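Report on one structure; see the data block that follows.
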2 protein chains.
Amino acid sequence: MTDGPVAILAGSGRLPLQLVQHLERSGRDHRILAFRGFVEPEIRRRAHATVALLDLRRIMSTLERWRPSVVTLVGAVSRPGFAALLGAYSLFANRNEVRDVIARGDDQMLRGAVGLLEERGYRVVGAHELAPELVVARGLAGQVAPSPQDRSTVELGLALLDSLSAFDIGQAAVLVGHRVLAIEGPEGTDRMLRRVRRLRGARFGRPARKEGGVLVKAAKRGQDLRVDMPTIGPRTVVEAAKAGLSGIAIGAGSSLLLDQADALRTADELGLFLASVDLPWMDDHEGR
Amino acid sequence: MTDGPVAILAGSGRLPLQLVQHLERSGRDHRILAFRGFVEPEIRRRAHATVALLDLRRIMSTLERWRPSVVTLVGAVSRPGFAALLGAYSLFANRNEVRDVIARGDDQMLRGAVGLLEERGYRVVGAHELAPELVVARGLAGQVAPSPQDRSTVELGLALLDSLSAFDIGQAAVLVGHRVLAIEGPEGTDRMLRRVRRLRGARFGRPARKEGGVLVKAAKRGQDLRVDMPTIGPRTVVEAAKAGLSGIAIGAGSSLLLDQADALRTADELGLFLASVDLPWMDDHEGR
């Protein structure tokens, strides 16, 4: 199977397209399996197969046909609701198993998907292994430098994320000084930033006054980077600016920055710092 | 000063009125100092003085006139924006001190207010000391019992809140199974519950399908219960039901439940459990 194509199981967001474009540029053979209702139009047009998220039978039979050398899961797939899971009821041994899947966290669900693929003999890799230029490098920084106060807020934010590692909750938080304004839940980073904007009294979609504060986003201690790797892009920078923040710190070596040049330029133009930060809980191999 | 009135510094929400009604019933002399723009109409009508939140001079001169035996701070006062603080600029030694106040968390700000009052010789007490019948008793429970799974989710929620104790962030979270749906920030419990309702796909203000999950709310390890004591009431129960939750767990001995009979009846009617939970980090004196 080692000379087979890369099989891309694609969800929402811009990551699937950026990965595909990278593979196209490097001439690496690939097949796209798109999750119906999740993927963006460019991926839908390029997809070699389109399936329902929970149609495990078709996902597996498609992979068997493609005989991929590696499989990667990219893009977000919001947790299916109860109704969707009941629709896939026949896949489960019993109703309690359905309840179990719902009760489990996203992390565990995604890890379960990886485990299922590995059981069938597939090698599952992360987008960062296929397209290393998307990974946030150590020392990545725009032209705006964080102030000493920003740096101490970033440290506090990392301590907060570390203490949340044991729980199935987001990978990002917004802090101003020593105060936590928001912790990311399943709503995602962009919505969390809009919440901060509203907290600051910005009305009618206008940006908040620039009151400072930082967005800190990083992989968890022990996170399987093959699924749900922390990802930001130019839109995150714009939302952070609208929320009145002074900058963004993102974990080096274990996060993805989409459209890196564009994201850095946007940060410079909006006067925000955008900097990678070393994670004390990542060993040197991972945190490269 | 021990025979002076109770001085109530009153912010928003229903707690100030419930405290005042309790003092009226028990015939205890009291004076209400209302924060302009925060208090509800019933308190505005009863207030003996109304001041701007940051007008420390008038607050202090009013207290000097009243010579209260004890002072209590009840109800919420959202953190003043930068503009309001600059308006009170003359109170601060310099601009850096203003920045410091903004950077500090709510906790520290409120503790600062208590410290300031104590420095002037006032005895500051919590609403729970003046109106013990508002405190959530050990063993408080409605007619609906939490399921074994709900109980284990509550335990996980307490562990989450405990790990957040070191940070200046909310006192509540919503979890379903092992998954954290939301952690409360400065937006407050009701808005967090509305966020959960939206996460679950409820549209146009309609309630979410009852998918389970619990609201866990409790005082932090080391929290000064004289300020910002965790408080819920019947409206919290209604919002929890609309968010599709199966119940509410609230820390015994260190939280307030407003309109207790009404809140319990509402929970029963809506099919939610409403139960107190002992906090491992409260000693017996506090967790009584």
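Since the model is a prediction, treat every value here as computed from it, not as a measurement. Residue numbers start from 1 in every chain, and the chains themselves are labelled A, B, ... in the order their sequence lines are given, proteins ahead of strands.
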Examine the side chains of B/Ser147 and B/Asp150 and answer whether a donor and an acceptor come within less than 3.5 Å of each other.
yes
Establish, from distance only, whether the side-chain atoms of B/Lys217 and B/Ser255 form a donor-acceptor pair under 3.5 Å.
no
Under a 4.5 Å heavy-atom cutoff, which of A/Gly212, A/Ala173, A/Ala159 has the most pairs with chain B?
A/Ala159
Any donor-acceptor N/O pair, A/Trp281 side chain to A/Ala219 backbone, under 3.5 Å:
yes
Check each atom of A/Leu164 against the heavy atoms of chain B and say whether the ones under 4.5 Å are side chain, backbone, both or neither.
side chain
Determine whether a donor-acceptor pair (N or O, by modelled atom type, separation under 3.5 Å) exists between the side chain of A/Glu119 and the backbone of A/Leu116.
no
Identify which part of A/Ala166 has an atom lying under 4.5 Å from any heavy atom of chain B, answering side chain, backbone, both or neither.
neither
Indicate yes or no for a side-chain donor-acceptor contact from A/Arg226 to the backbone of A/Val114 under 3.5 Å, with no hydrogens or angles considered.
no
Out of curiosity, B/Ile169 CD1 to A/Arg179 CZ, how far, rounded to the nearest 0.5 Å?
9.0 Å
Locate the shortest heavy-atom distance separating B/Leu256 from B/Leu15; write the atom from each residue and the value.
CD1-CD2, 3.7 Å
Members of residues 270-277 of chain A whose heavy atoms come closer than 4.5 Å to chain B:
none
What pairs of residues pass the salt bridge (charged side-chain N to carboxylate O under 4.0 Å, His left out) test when at least one of them lies in residues 181-191 of chain A, not counting sequence neighbours?
A/Glu187-A/Arg195, A/Asp190-A/Arg235
Looking only at B/Ala182, B/Gly185, B/Ser163, B/Gly213, most heavy-atom pairs under 4.5 Å shared with chain A are made by B/Ser163
